[in-house]
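Comments concern the structure below.
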Amino acid sequence: MSSTITVRVDDRIKKEASNIFKEVGMDMTTAINVYLKQVIRSNGIPFPITADVPNAVTVKAIQEAERGEMASFSSIEALMEDLND
C-alpha cells in the first residue's frame, strides 16, 4: 500500500533538488522516501537543525553598531577605498 503526500515547495528549490537527485540516479519520490526512512531510523530529523550563528566578524560589527561605532563615509569612493584596504 502507498500514500500520496502533497507538499508546496518553492519552484527554484524543487528544480535544484531534482537536478541533484538526478545526478545521483534517483527521482524526487525516491529521495523523499529515503529521507522519511532516515527519519524513522534516527527517530528524528536525520541531521542537525540549528539557527544561523553569526561569525566573529559579524558579531563584532553588530556590537559596534549597537554602540553607535559604525564607520561613516563621505563618498562611495571613500567606502570602496576602505573596503579594498
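The chain is numbered in sequence order, starting from 1.
Other residues, nucleotides and ligands place more than 12 heavy atoms under 6.0 Å from the CG atom of Leu83. Counting non-hydrogen atoms of neighbouring residues, nucleotides and ligands closer than 6.0 angstrom, the CD atom of Glu81 reaches no more than 12 such neighbours. The number of heavy-atom neighbours closer than 6.0 Å to CG of Asn19, taken from other residues, nucleotides and ligands shown, is above 12.
With sequence neighbours excluded, the residues that form a side-chain contact (heavy atoms from CB on, under 4.5 Å) with Lys14 are Val9, Ser18, Met28. For Glu77, the side-chain contact (heavy atoms from CB on, under 4.5 Å) partners are Ser75, not counting sequence neighbours.
Each of Gln63, Glu64, Glu69 was compared with Arg67 under the side-chain hydrogen bond (donor to acceptor under 3.5 Å, both in side chains) criterion, and only Glu69 meets it.
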If you look only at distance, which donor and acceptor atoms sit under 3.5 Å apart when one is on a side chain in residues 46-55 and the other is two or more places apart or in another chain?
unit_1	atom_1	unit_2	atom_2	d
Asn55	OD1	Val57	N	3.2
Asn55	OD1	Thr58	N	2.8
Asn55	OD1	Thr58	OG1	3.0

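Taken from NZ in Lys37 to CD1 in Ile32, the straight-line distance is 13.0 Å, to the nearest 0.5 Å.
With hydrogens and angles left out, the side-chain atoms of Asn33 and Thr30 include no donor and acceptor closer than 3.5 Å.
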message = Set out, in order, the CA-CA distance, both residues' side-chain angles and the distance that settles side-chain contact (heavy atoms from CB on, under 4.5 Å) for Arg12 and Lys15, then state yes or no.
response = CA-CA 5 Å; Arg12 181 187 57 78; Lys15 183 177 180 179; 5.8 Å; no
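Not one N or O on the side chain of Asp82 forms a donor-acceptor pair closer than 3.5 Å with the backbone of Ala78.
Criterion: ILVMFWY side-chain heavy atoms under 4.5 Å apart, direct or through other members. Under it, Val34 and Ile45 are not part of a common hydrophobic cluster. With hydrophobic clusters built from ILVMFWY side chains whose heavy atoms lie under 4.5 angstrom apart, Leu36 shares a cluster with Met26.
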